[in-house]
Number of protein chains: 2
Amino acid sequence: MIIDRNSPIPQYFQLQRWLVEQLEQGVFKANDKIPTEAELVQMTGLARATIRQAVQNLVNLGYLVRKRKLGTFVLDKAEESENQTIVGMLLPDIRAGYAPELARGAEDEASKNKQSIILCNTDDLFLKAEFHADRLIDNNVAGVIFVPTAASDEKNKYIVEKFTNKNIPVVLADREIPGHSIDLVTTDNFKGAYTLTENLIKQGHKKIAITLSTLFSTERQRLEGYKQALSDNGIKIDSNLIMTHDGLYAEKYYTEIAHKLFKQKKKFTAIFAGHDRIAYLINSVAMDLGIGIPDDISLVGYDDLNPSYHNQLDLSTMHQPIYEMGIESMKLINSRIRGDKSKAKSIVLESHLVERSSVFPIKGEVKKE
Amino acid sequence: MIIDRNSPIPQYFQLQRWLVEQLEQGVFKANDKIPTEAELVQMTGLARATIRQAVQNLVNLGYLVRKRKLGTFVLDKAEESENQTIVGMLLPDIRAGYAPELARGAEDEASKNKQSIILCNTDDLFLKAEFHADRLIDNNVAGVIFVPTAASDEKNKYIVEKFTNKNIPVVLADREIPGHSIDLVTTDNFKGAYTLTENLIKQGHKKIAITLSTLFSTERQRLEGYKQALSDNGIKIDSNLIMTHDGLYAEKYYTEIAHKLFKQKKKFTAIFAGHDRIAYLINSVAMDLGIGIPDDISLVGYDDLNPSYHNQLDLSTMHQPIYEMGIESMKLINSRIRGDKSKAKSIVLESHLVERSSVFPIKGEVKKE
DNA sequence: AATTGTTATTTGTATAGACAATTATACTAA
DNA sequence: TTAGTATAATTGTCTATACAAATAACAATT
């Protein structure tokens with residue numbers, strides 16, 4: 001029996017639930033006609049007004065459409081809702097680093113599905129991320145692409161859970177949250193840094209300085225790759241050459257670090273900058289100090305940002321497919337929006353070395369493959 | 001009388017309209033209790049079920065809340081709707097030129113009001129702008145910030161009208177649509193180019209080449225400013241030194257143009273690049289050709305993009321307050337969203353000259369102020 | 001002072017029946 | 001063939017009535 005007249009649950013609501021069940025089980029399919037009100041009266045024994053109340057609610061909820069004289073029909077939920085969704089995107093700063101490229105990749109993929117992206121700048125701060133998260137939830141975003149902030153893993157997890165608690169899927173882009181299994185699209189920063197460092201070693205460099213921030217999983221992994229490459233090549237790790245700091249990227253910091261490094265110039269022949277922006281900054285400090293790159297010191301970066309803009313430096317670097325990262329993040333979030341409940345995925349994209357002219361091979365020391 | 005029983009308009013709908021009218025006229029104010037169903041039965045002579053139908057619709061539409069035993073109350077529409085709005089932003093490419101800075105300014109101002117921004121890349125193409133416009137309308141944006149595309153004025157107007165026909169206000173950012181009076185936030189490109197050109201003249205340059213696209217109002221105005229400055233200083237305009245093209249920005253074009261220019265090197269001493277990206281490209285062509293800037297040729301740009309990134313060139317340029325342009329665009333669209341019906345405004349922000357070292361003063365020719 | 005019970009008020013759910021409006025379809029007339 | 005017309009099916013609007021459920025406010029009890 002469809003309706004239990006002794007239940008405390010309102011009968012119109014019982015009917016409503018039953019109808020939704022039929023829809024979800026595919027008994028009534030998209031564009032099908034459901035039984036007429038008269039038929040439902042027969043089937044349930046309810047008054048027509050009660051039937052109408054249930055059906056009206058489902059019309060309001062977007063499950064059904066009524067057509068005069070024709071009957072009541074099932075709306076194609078997928079068509080109506082899967083498109084036209086809005087996806088939130090939380091990234092550090094749309095002006096800086098790889099963010100524009102990432103946003104563009106995501107937006108291009110979104111456009112294909114007639115989706116839209118709401119863009120939020122976190123400046124890598126937990127509080128801003130939280131603020132934007134609440135707004136995105138209020139705006140009923142269907143999913144979120146999140147570049148974790150510089151805050152602790154717990155705090156980043158907290159942001160993710162704000163969404164997942166409301167059944168809004170989240171995909172992390174670029175940076176992971178260690179110890180938590182969440183969908184992720186990134187590159188292999190360990191491997192990339194390993195390759196980059198090994199390339200320096202092959203060109204005869206043994207004393208390689210590195211400078212980066214420890215706040216982000218990506219840069220920490222690059223540090224590990226660097227260390228491993230040194231170890232594997234029998235080079236002792238010199239902690240004086242590892243200049244980490246635990247703050248956000250700021251010109252002031254890295255200018256200081258660059259100065260400190262150059263003061264002990266004789267101790268190293270190459271610098272591994274944590275990312276391209278650091279590399280460009282180091283280059284400009286070097287110019288100020290009259291140090292030539294690559295003549296005096298070799299320099300590599302990581303990211304391969306917009307090389308056309310600052311091709312005066314001609315930086316050797318590890319190219320990350322940022323645009324593709326945006327696309328893949330969007331594809332993954334879409335599969336979650338469509339209801340893919342499988343366990344968390346990590347999509348790891350391939351980086352590749354881009355050799356330009358900021359590395360000077362040390363004569364007589366170049367190893368052959 | 002509230003209800004006209006002879007009208008063909010359903011009585012529940014008449015009542016509904018009457019209630020909305022009362023709400024809008026402030027007869028029932030926010031958080032007020034409206035008459036009970038019993039009272040409305042008395043007032044209208046309708047059956048309670050009909051009353052309920054009208055009230056239920058208004059509950060669904062978010063005008064009212066029902067509270068058992070207490071009555072039915074007016075929701076504070078303003079609180080619910082004025083904030084939480086979404087503003088659309090149509091710009092050429094979030095990766096390129098001033099777009100990131102503009103987007104960030106707009107987003108920061110939006111955040112203050114708990115608004116969100118949907119970002120769309122038009123690539124300066126009419127068809128993409130149209131596609132995104134439809135999506136923005138579907139997403140019920142409350143307003144739109146639009147950087148006109150490279151298409152004709154009529155086509156850009158058509159995009160604007162798509163929105164205004166649906167009562168969605170539009171603010172143009174940076175570029176205007178000549179001949180159409182629409183809210184605009186920009187800088188004075190004529191004056192800026194005039195100042196920039198005059199500065200070159202003061203430093204002894206008389207033969208100044210210029211290269212830019214004629215597709216955008218901004219660049220056309222810069223050309224006019226350049227011409228006027230030459231005329232006012234008694235310098236004849238040499239059409240051989242004006243290299244315009246009527247396509248979108250593309251490295252290929254400007255590389256060609258730069259090569260053409262440098263072939264007739266002796267005819268000029270300075271180049272006015274239509275914007276910074278062109279300037280950086282010209283610089284890199286010059287480097288390839290072994291031409292020194294500023295030693296052989298002086299170079300100025302327009303925009304003052306991210307100078308920290310490519311400070312090898314140290315470009316003299318006209319600084320445009322792009323971030324502020326984003327903020328002001330957002331403020332203006334918000335005043336329209338809040339219902340400001342006054343006539344179209346043009347907000348013109350101040351640019352200023354940034355003198356760096358890409359201009360070489362020609363000895364003995366420098367004029368004094 | 002705190003708890004429990006009662007009452008009146010108001011919205012919530014439900015029935016049975018009537019007529020109106022709309023429109024796909026079939027039929028009819030030009 | 002086309003245009004108009006009737007008809008039947010179906011949803012849309014409306015009435016009158018009844019009882020249920022929730023709860024603020026008050027009263028009674030402990």
Discussion item. If you apply the rule side-chain contact (heavy atoms from CB on, under 4.5 Å), what do you find for A:I86 with B:I118, and how did you get there?
Written reply: CA-CA 9 Å; A:I86 299 180; B:I118 291 183; 4.0 Å; yes

Worksheet, complete the sentence: Hits for side-chain contact (heavy atoms from CB on, under 4.5 Å) against A:Q42, two or more places apart or cross-chain, chain-then-number order -> none

Worksheet, complete the sentence: Taking every heavy atom of B:I177 against every heavy atom of B:P148, the minimum-distance pair comes out as CG1-CG, 3.9 Å

Worksheet item: Does a nitrogen or oxygen in the side chain of B:K67 sit under 4.0 Å from OP1 or OP2 of D:dA22?
Response: no

Discussion item. Would you compute the distance between atom OG1 of B:T36 and atom CE of B:M43 and round it to the nearest 0.5 angstrom?
Written reply: 9.5 Å

Worksheet item: For the helix from C:dA1-D:dT30 to C:dA30-D:dT1, what angle lies between the axis at the first five pairs and the axis at the last five pairs, to 10 degrees?
Response: 10°

Discussion item. B:I51 vs B:Y12, test: side-chain contact (heavy atoms from CB on, under 4.5 Å). Steps then yes/no.
Written reply: CA-CA 6 Å; B:I51 305 281; B:Y12 82 95; over 6 Å; no

Fill in: Modelled atom types, side-chain donor and acceptor of B:T72 and B:R66, under 3.5 Å
no

Discussion item. At a heavy-atom distance below 4.0 Å, what parts of residues 10-18 of chain A sit against DNA chain C?
Written reply: A:P10, A:Q11, A:Y12

Worksheet item: Side chains of A:S342 and A:D340: donor-acceptor distance under 3.5 Å anywhere?
Response: yes

Response to the item:
Smallest heavy-atom separation, B:L91 atom then B:A103 atom, equals CD2-CB, 4.3 Å

Fill in: Residue pair B:N334 / B:Q115, side-chain donor-acceptor N/O under 3.5 Å
yes

Worksheet item: Which atom pair, heavy atoms only, marks the closest approach of B:G143 to B:I333?
Response: CA-CG1, 3.9 Å

Practice prompt. To the nearest Å, give me how far apart CZ (B:R68) and P (D:dA20) are.
Written response: 13 Å

Worksheet item: Which heavy atom in A:R336 sits nearest to a heavy atom in A:P169, and how many Å separate them?
Response: CB-CB, 3.5 Å

Worksheet item: Separation of B:E37 atom CD from D:dA21 atom C1', in whole Å?
Response: 14 Å

Practice prompt. Return the value, rounded to whole Å, for the distance between atom CD of A:Q42 and atom C1' of D:dT10.
Written response: 15 Å

Worksheet item: If you look at every heavy atom in B:V41 and B:R48, which pair is closest and at what distance?
Response: CG2-CA, 3.8 Å

Practice prompt. Check each residue of residues 47-57 of chain B for a non-hydrogen atom within less than 4.0 Å of any atom in DNA chain C, then write out the ones that pass by number, or none.
Written response: B:R48, B:R52

Worksheet entry | 5' to 3' contact window, DNA chain C with chain A (heavy-atom distance under 4.0 Å) | C:dT13 to C:dA24

Fill in: Listed once per pair and sorted, the side-chain hydrogen bond (donor to acceptor under 3.5 Å, both in side chains) pairs that draw on residues 146-155 of chain B, sequence neighbours left out
B:T149-B:N156

